[in-house]
Trainee: 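The following block contains the structure, expressed as structure tokens.
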Amino acid sequence: GGGGTADDGAAANGGAGGLPSEITVMAIKDETGAVAFTGLSTLKGIDLAVEQINNEKFLGDTKLVVENRDPAGKAQTAASMVTAAIQDQKYAAILGPVASDQAAAASPIAERGKMPIVYTQSGSEGVVIGEYTFRATPPMTSYYPVISDYIKSKNIKSLGIVYNTSLPTLKEVAEKVLPSIGEQVGYEVTASVAVQMTTQDFSAPISQVLKTKPDAVALLLVGGQNPTGMRQLRQAGFDGPVLGNTAAGAGNLKPAGEDGAGMAWPTDFHPDQPGESSRKFVELYKAKYGEEPLNYAAEGYDSVWWLARAVKEAGGASRDAIKKGLDAVAAQGFDGAMGKITFEGRDMRLTGTVVEWNGTEEVLAGSAS
Amino acid sequence: MTAWYDSNIILIQSTFVGLLTALSLQVPIRFGVFSFAGVGCYGIGAYTTAIIVIRLGWPAPLAMGAGMLLAAVTGYLLALVLSRLGGLYLGMATIAFDLIVTVVVANGGELTGGPSGLFGAISDVGTVHVALTSLVVVVLLALSERGRFGRRVEAVREDPELAAAMGVEVRHYRQLAFVISALLGACAGGFNVLLRTTIAPTDIGFSLVTLALTMIIVGGSRSWAGAFIGAVIFTWLPSVLEFSGQWQKVIYGVIVALAAIWVPGGLLGVITDAYRSWQRSRRAGGSSDVGPGDGDRGTVSPRAEGTPA
Amino acid sequence: MLQDLINALSLGSIYLLFALGMSLVWGTIGILNFAHGAIFMFAAFASYVIVEQVRLPMLALIVIGALVGAALSVAVQVLAFQPILQRAKDLRSGEMQILIGGIGVAAIPLAVAEEETGSNPFGFSASSYATKTYALLGFRITNTQILVVAAALLIAVAVIAWLRMSRSGLALRSLGVDPETASLMGVNRRVLGLGSMAVAGALAGFAGVMLTYHLGAITPDSGDTLLIKAFAAVILGGVGSMAGVVVGSYVLALAETIVLTQTSGLWVDAVSFGVIFAVLLFKSEGLFGRKEVRRT
Amino acid sequence: MFEIRDLHVSYGKVTAVRGMTLSAEPGKVTLVLGANGAGKTTTLRSAAGLHKPDSGSVVLDGETITGLPAHKIVKRGLVLVPEGRHVFAPLTVMENLRMGGYTTARGETGAILDRVFEMFPVLKERQDGAAGLLSGGEQQMLAFGRALMAKPKIMMLDEPSMGLAPTMVDTVLSSIRAMADSGIGVLMVEQNAEAGLEVADDVAVVARGEVVFSGTAKEARSNSSVLRAFLGEAALVSES
Amino acid sequence: MTGERMTGNRASSAPLLQVKDAAVHFGGVKAVDGLSIELTEGKIFGILGPNGSGKSTLLAAITRFVDLTAGEILLDGEEYHTLPAARVARRGVARTFQTVRLLPGLTVEENIRLGADRVGGRGGADGVREAIERTGLKGLERHRPGELSYGVQRRVEIARAIVARPRLLLLDEPTAGMNQSERQEVSALMRELQKEGLTQLIVEHDVQMMVDTCDHLFAMNFGKLIAQGDPAGVVREPAVREAYLGKRWSQHV
Ligand SMILES: Nc1ncnc2c1ncn2[C@@H]1O[C@H](COP(=O)(O)OP(=O)(O)OP(=O)(O)O)[C@@H](O)[C@H]1O
Ligand SMILES: Nc1ncnc2c1ncn2[C@@H]1O[C@H](COP(=O)(O)OP(=O)(O)OP(=O)(O)O)[C@@H](O)[C@H]1O
Ligand SMILES: [Mg+2]
Ligand SMILES: [Mg+2]
């Protein structure tokens, strides 16, 4: 990452008299419980960014300090952490929780307490609700259309959909995004079957969809459901292309073995994606942790950079200054781990990349074949 | 003190909401009605309140009142429809009702916001309101646990046939249990949505049933005080256990299991027993000449005495 | 159509395998074990951990799963349920304690598995058993599906016969009615209670391994999801009736499949629980349950 | 030979039995009389292993069985028919009887079952019905028949005639007598003293947890205080 | 209380309770099978009959715990077939059960008070004390039923039934498990209650006590009435002797 260019945005903030020696931020990310996986990965990205910012003296002599709190999957715990942070003047901003329900509980409190809060993940509605709420993960629905090229390349003319209706994002992709892509690239949705969070056996919905003989199937399921869905799809005799979602990533498809191969989905980040800023992030990450970063880490990383740029932009570390800084940075966009980042209001946008599971790992869709 | 209050305001509010939710399951259990419909009514109350506040912009108390009314009617209808069921069969039927409510709101489209639920039910309802309401509820319930009404409830629970032979209209008491449970559930749901400004289908599922049940079993299922103890413990335990990091769930589980094993009457039972034996020893030590005839002059029963007011 | 039936049959068999053990101890000694789901999951998880180290065939994993399940179940009985029953004033209050005790205990294996897997799905891809698909007469069925259905039905029949015909089965039922009097007939409460919990645990472990093979992968919280379905299946069939569990499991699976094939699947849960609601309305003790024997 | 020696039993702080000494012999019926709350039931339950005594011993065939669990005591041939019937309500009559024969060798149950059915034809009629639906007296018959299925050496009966019609009292008591004659030892608590005395060999009277009178049935009949307490004033007049 | 009700009763000639051709069948079991009896005010009635002859079922039908298969039952000449059990109880029909039914969580006093709630008010409190004294339960008020011996539990049941001063008291084997002298106390209590105008219907297997206590006996077998009339006469009937009394009693009489 390079330094942000100071322009008239900073001047508009009234330029507070320099920065304190430390800026403390609370990170509310699950380290235990059902979404611990996401939270822990995000924290790795956050730590990397903090280290980099402090080493590079991006904020001069000012040090950025992040304190982790674990809401352990509970919205109420997350909410009370936000309240505590608002009370404690030490905290300049919050890196908000990754789960939507926690975020939705936290947002109104942060809003009322005038505390800037930057989320990652938490893709549902009701999270970015006002002036103080920001999100450093683009909603899946915004970059899902990047899969259009992939669909064209596979010459898909008809699509069957099995989707988890309990998840708002997946529901929207299945009911709105995929049909509208179909109108553009010219395929027909032949069947659309909803399953629940509690569904474990997908043979019935899959055979329901396969009855319509589609060229491709979209399996829009949550993490643990993906390997089973893929396996049963293959067992049911379907060997065409499969569209998925990011929840299939992060090794979730491993248990499906060979059967998992051939599922493709758009993601906001992949370690192999081109672009200078992304390459640099991956390099640093590998050096620090000895593994490839996941998208959650990239999001965490970018969220911290957004914050740091905001501080610099505003030239102050008060909550209000940070809020204005975040807005200012959002107005310009920046190059981050996830590539060229833009914003719509306080919500992140980017083009996205299509990746494919080849049975053992995620590869960029182009390079797969 | 105020600093503590400010930083724990969410937990304080949650304690009261938890208390009301726990009571919505405890009241029917105390009546011998194994109904979990209170949780479904929590959903009805929460969604009705949220929809009215967001879409119609009515004042919060009116919206909550509407939610409670709708829930009470639903509760009464359930009581009529399920009158032949007992025991865990009733439990399952009411859980089925709860889950149906969940699915209905998840598929309610625009009106209920579908799986993502509703946001922005902003109002000026605060801690004072939920605390005062809880206080009123608790006072009323405490009264219902004593004297004639309390005895009758006990009879309806322990032996409905015997109760009938004593002239108690068991059917009416059961219906009453359903309606009270619905009102309490809807009240809890309404408060929760107004305090948190949001509600989603996942907030009202099976896990809410187990949480409320855990509260009343560990706290004590025979009195409101048990529900209160349970609500306090299980609202605050997660933040107390925060230090234990990844093993938080294990510790939580161990605590729940130990409570189930070691305190069969709930924590309230432990407190009452201790109080009673302390009282007995004091009585024995103080005046040894209390004849048995003196016993029936006091109209306050030992049970009622044992309940910390 | 036939394919739908096959799917319903295998889904029902999974519910059945899971529900059998739960129903066995619930319908006889009155223990509604909410840790059953965790035992089920943990047995599969333990098998997974082992198979990742050593490549094993299906039979070996089944044995491991059943043993782990039995051991866990016995542990739960000894550490939690027995002390609860010893202390409980009456059967009914004991019932509630057991419910909550089970919920508490279940958190422990769940937390361990979540910690180890990072809440990710796990499966037996390292096992030497391979799923094969047979396509005949226009429908498809896997060897695992056939095994699941056959195992579920066989075990159900065995359990039914055991409870009906054998002395120990009868003793188990009497133990649930009146443990004290049963001991006056010479029944060793402790041993029989442990024995039946071990059987239930072994069934859970077996179900866990079979389901993991069938689905390819399960997650740490798979057990909880099945728990409520099994609970429904048992109630639907009538508590205490093993034949009822069989019917309850398949009716539930069939209802879910029908809703799915007739609608877009949005209402599956509502309808399957609606079925339970409706059945209970018309037959208040479940399909095969006996009316409570009580007279004035 | 079966003996309860100097038994003390308490419930928490309440002592229910203090120094109870009773015995039963094969071939004899020992009748225990006593007011409500005298500790009769407590004594029998302790001997059967359902309640742990504070002190004292229970001896069967020269071996001390105090404190053994109930199911082990049954296997040694000491069987209790509990107060208040305690049939397994949801099980059928037949299943109740099969439960009675839980410790009996399989080959032998058939013959005993025939005897039970002969004694109580109504049980045969209702063998597939739920035991809980039987009338009170019918349940008492079932409880008694169930105990017979265990082939006891010593049988303890807690108020076997409670709720039985006079004809049935006769049937049950004479079958108790017949059992004793066939070599079983019977220790019987009975409130129906008149009927009990007709079949008893020995009598013990207990009060407040201990034995206050013991002797043969004949001695009991001539003891006016026993008679007054248990047979009523009328018996005293007619007898003397 | 009782007084008001009695004067309010218009036709003193009409019996308090009439059972007309009543039948109660459970599947194939004909527990009560075409039985008619009448209970006039102020008397003690008794029912004798072998085990399983339908006595308890008859009491259950009168108190509306089971539905009649056929026939009718009238209280004060009024049919009450459709009333729920609780309403029958509130009309002054009290009962005890063959198996003791007390609430384990309440003390003896509270258990009895439960019966008094029907009357309510201050009279209730006095009534409770009186019932406790009459049944010899003084000193046990604060015990819980589980701590009491069987015979004492039965007395608590009786106290609970009489505390509300019912018009008709149905007792199902009230002295089972009591010894002779205790039975005599209960019998004396019934007589005393009769003097206060309480009509009673007692099911009991202690024939001597029944003969001594009752004004009128019914004998049942197979759900039917086989004899009725004055006690001494009924126990002499050959049908009663054969079906019910057995050899010892037959010698006696
Ligand atoms: N579970 C208990 N807890 C406390 N006290 C008890 C318990 N069971 C019995 N007692 C007391 O112990 C004493 C003896 O009771 P027990 O039942 O042995 O008497 P019993 O001689 O069998 O009387 P009955 O003829 O009425 O059956 C009584 O005073 C009773 O109140
Ligand atoms: N709910 C029921 N279902 C089936 N059969 C029943 C039911 N209730 C009673 N019976 C049967 O009806 C008959 C009459 O029973 P009831 O209890 O009235 O007899 P009882 O005269 O009171 O006998 P006891 O003197 O032994 O108490 C019995 O054979 C009994 O088994
Ligand atoms: Mg006794
Ligand atoms: Mg009877």
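Because the structure is predicted, anything quoted here is derived from the model rather than measured. Quick note on labels: first sequence line is chain A, next is B, and so on, each numbered from 1.
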Trainee: I'd like to know which of A35(C), G101(C), A232(C), G104(C) tops the heavy-atom pair count under 4.5 Å against chain B.
Mentor: G104(C)
Trainee: Measure across V250(B) and A111(C) and return the closest heavy-atom pair with its distance rounded to 0.1 Å.
Mentor: CG2-CB, 3.4 Å
Trainee: Of the backbone (N, CA, C, O) and the side chain (C-beta and beyond), which part of Y252(B) lies under 4.5 Å from a heavy atom of chain C, both, or neither?
Mentor: neither
Trainee: Side chain from CB out, backbone as N, CA, C, O: work out which of these in I95(B) comes under 4.5 Å of a heavy atom of chain C, or both, or neither.
Mentor: side chain
Trainee: With a 4.5 angstrom heavy-atom cut-off, which part of L213(B) approaches chain C: side chain, backbone, both or neither?
Mentor: both
Trainee: If you compare all heavy atoms of A107(C) against all heavy atoms of G253(B), which two are closest, and at what distance to 0.1 Å?
Mentor: CB-CA, 3.7 Å
Trainee: In terms of heavy-atom proximity below 4.5 Å to chain C, should V101(B) be classed as side chain, backbone, both, or neither?
Mentor: neither
Trainee: Quick one: which of L32(C), I108(C), I103(C) has the most heavy-atom pairs under 4.5 Å with chain B, could you say?
Mentor: I108(C)
Trainee: Which heavy atom of W267(C) sits nearest to which heavy atom of V103(B), and what is that distance?
Mentor: CE3-CG1, 3.9 Å
Trainee: Using non-hydrogen atoms and a 4.5 Å limit, figure out which bit of L90(B) sits close to chain C: side chain, backbone, both or neither.
Mentor: neither
Trainee: I'd like a table of donor-acceptor pairs (distance under 3.5 Å, sequence neighbours excluded) in which one partner is a side-chain atom from residues 245-254 of chain C, with atom names and distances.
Mentor:
| from | atom 1 | to | atom 2 | distance (Å) |
| --- | --- | --- | --- | --- |
| S249(C) | OG | V245(C) | O | 2.8 |
| Y250(C) | OH | S13(C) | OG | 2.9 |

Trainee: At their closest point, which heavy atom of A257(B) faces which heavy atom of V105(C), and how far apart are they?
Mentor: CB-CG2, 3.8 Å
Trainee: Assess whether atom CZ of F228(B) is packed by more than 12 heavy atoms of other residues, nucleotides or ligands within 6.0 Å.
Mentor: no
Trainee: So does F282(C) get a backbone contact from the side chain of R84(B), meaning a donor-acceptor N/O pair under 3.5 Å?
Mentor: yes
Trainee: Can you tell me how far CE of M215(B) sits from CD1 of I100(C), rounded to the nearest 0.5 angstrom?
Mentor: 11.5 Å
Trainee: Of all of L281(C), L99(C), V275(C), I276(C), which one pairs up most often with chain B through heavy atoms under 4.5 Å apart?
Mentor: L281(C)
Trainee: From F277(C) CZ over to L78(B) CG, what is the distance, rounded to the nearest 0.5 angstrom?
Mentor: 5.0 Å
Trainee: Give the member of N107(B), L82(B), I29(B) that has the highest number of heavy-atom pairs under 4.5 Å with chain C.
Mentor: N107(B)
Trainee: Counting only non-hydrogen atoms closer than 4.5 Å, does F81(C) touch chain B with its backbone (N, CA, C, O), its side chain (CB onward), both, or neither?
Mentor: neither
Trainee: For F273(C) and I100(B), which heavy atoms make the closest approach, and how far apart are they?
Mentor: C-CD1, 4.1 Å
Trainee: Hey, could you give me the CG/CD1 distance between L79(C) and I261(B), rounded to the nearest 0.5 Å?
Mentor: 7.5 Å
